[in-house]
Amino acid sequence: MVHTRIRPFNTLGASSEEDRGADLAHAVVAGNIVFLRGQVGQDLQTGESVGIGDAAVQVDCAMRNAEILLKECGSDLGHICKIVIYLVDPRLRDAVYPVIGRWLKGVHPVSTGVVVSMLGRPEWLVEVDLIAVKPEAAEPSGRRATHRR
């Protein structure tokens, strides 16, 4: 099976928090399954955090990033099968869930909500983990590295 890495990168020098030299990717396409890196309130191009202190803005950014990455993988938001929402405070549900509901209206994925003590950076309030499928005919369009196993 071919595994395609979309937007591969190395964390060395990416930031002081991630200066560990790990080889990662923003997405992996394995067959027709698309796995996205957890999406947060971070500009996909610059890596800058957005919506500091505002969970609704952060999750809107995360879903916009997911939309971009899924398109690069040959899929879209309508093909999301599973979503896991990580919150640093359960009271943020009232701000976060309506935003996700607008992005996924009519999609009906399975969903899990998890409250955690913190995320990768202290300013992040919410992280969204997504798994989707892609139509068989679609091919990933983003920067990639392909591996056969």
Side-chain angles (χ1 to χ4, degrees), residues 1-11 14-15 17-18 20 22-51 54-90 92-121 123-149:
M1 174 182 287
V2 175
H3 298 85
T4 304
R5 276 49 171 161
I6 306 297
R7 295 188 185 215
F9 65 98
N10 184 286
T11 61
S15 72
E17 294 89 2
E18 296 186 67
R20 293 175 183 88
D23 288 329
L24 301 174
H26 284 275
V28 174
V29 179
N32 73 329
I33 301 173
V34 180
F35 301 91
L36 293 188
R37 178 180 193 220
Q39 296 301 304
V40 294
Q42 184 178 41
D43 184 282
L44 198 54
Q45 302 305 320
T46 67
E48 295 294 320
S49 292
V50 300
D54 190 331
V57 171
Q58 288 185 19
V59 77
D60 190 62
C61 176
M63 293 305 293
R64 187 176 320 103
N65 291 347
E67 182 179 51
I68 291 166
L69 291 167
L70 287 171
K71 182 177 179 183
E72 290 178 15
C73 293
S75 187
D76 60 52
L77 295 173
H79 293 291
I80 292 173
C81 298
K82 181 171 178 73
I83 181 170
V84 180
I85 303 158
Y86 299 90
L87 301 172
V88 297
D89 185 328
L92 295 173
R93 286 183 288 202
D94 291 341
V96 167
Y97 280 62
V99 175
I100 289 177
R102 285 192 296 275
W103 279 96
L104 298 182
K105 184 147 184 73
V107 176
H108 305 283
V110 297
S111 175
T112 301
V114 181
V115 177
V116 297
S117 61
M118 72 176 287
L119 295 168
R121 291 188 182 170
E123 68 268 23
W124 293 341
L125 304 173
V126 58
E127 185 165 348
V128 181
D129 188 22
L130 300 165
I131 300 173
V133 294
K134 69 181 189 96
E136 291 296 325
E139 287 296 323
S141 63
R143 293 174 285 157
R144 57 185 157 258
T146 302
H147 304 276
R148 286 197 183 273
R149 300 251 183 229

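All values reported here derive from a predicted model rather than from experimental measurement. Hydrogens, waters and symmetry mates play no part in the numbers below; they use all other heavy atoms, side chains included. Position 1 is the first residue of the sequence, and the numbers go up from there.
At a cut-off of 3.5 Å, with distance as the only test, no side-chain donor of K82 or S111 sits close to an acceptor on the other residue. Looking only at atom types and distance, the side chain of S49 has a donor-acceptor partner in the side chain of E123 under 3.5 Å away.
The salt bridge (charged side-chain N to carboxylate O under 4.0 Å, His left out) test applied to R64 returns D60, not counting sequence neighbours. In terms of the salt bridge (charged side-chain N to carboxylate O under 4.0 Å, His left out) criterion, residue partners of D89 (sequence neighbours excluded) are, by chain and number, R91.
Between I68 and L44, some side-chain heavy-atom pair lies under the 4.5 Å cut-off. Looking at heavy atoms from C-beta onward, V114 lies in side-chain contact with V84 at the 4.5 angstrom threshold. Residues L87 and E127 have side chains not in contact (no heavy-atom distance under 4.5 Å, counting atoms from C-beta outward). Counting only heavy atoms from C-beta outward, the side chains of L119 and Y86 approach each other to under 4.5 Å. When side chains are defined from C-beta on, V133 does not count as touching S75, because their heavy atoms never get closer than 4.5 Å. Within the 4.5 Å cutoff, the side chain of L36 has no heavy atoms near those of the I131 side chain. Side-chain contact between I80 and L104: present, with at least one pair of heavy atoms (C-beta onward) separated by less than 4.5 Å. The shortest side-chain heavy-atom distance between T4 and I6 falls under the 4.5 Å cut-off.
Between G31 and K134, the closest heavy-atom pair is O-CE, 3.6 Å. Closest heavy-atom contact between V57 and G51: CG1-CA, 3.5 Å. Taking each heavy atom of G113 and Y97 in turn, the nearest pair found is CA-OH, 3.6 Å. Between L125 and D54, the shortest heavy-atom contact is CD1-N, 3.8 Å. Nearest heavy-atom pair across A56 and A95 is CB-O, 3.8 Å. In this structure, R5 and H3 approach most closely via the heavy-atom pair NH1-CB, 2.7 Å.
Using a distance-only test at 3.5 Å, with no hydrogens or angles considered, a donor-acceptor pair links the side chain of N65 to the main chain of Q42.
Separating the CG atom in L130 from the CG atom in L70 is a distance of 6.5 Å, to the nearest 0.5 Å. With rounding to the nearest 0.5 Å, the separation of CZ in R93 from CD1 in I100 is 12.5 Å. Here the straight-line distance linking atom CG of D129 with atom CZ of F35 works out to 10.0 Å at 0.5 Å rounding.
In summary, of the residues considered (K71, M63, K105), a side-chain contact (heavy atoms from CB on, under 4.5 Å) with L77 occurs for M63 alone.
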| request: Evaluate the side chain to side chain contact (heavy atoms under 4.5 Å, CB included) criterion for residues L92 and V126: first the C-alpha distance (whole Å), next the side-chain angles of each, then the deciding distance (0.1 Å), finally the verdict. | output: CA-CA 8 Å; L92 295 173; V126 58; 5.9 Å; no
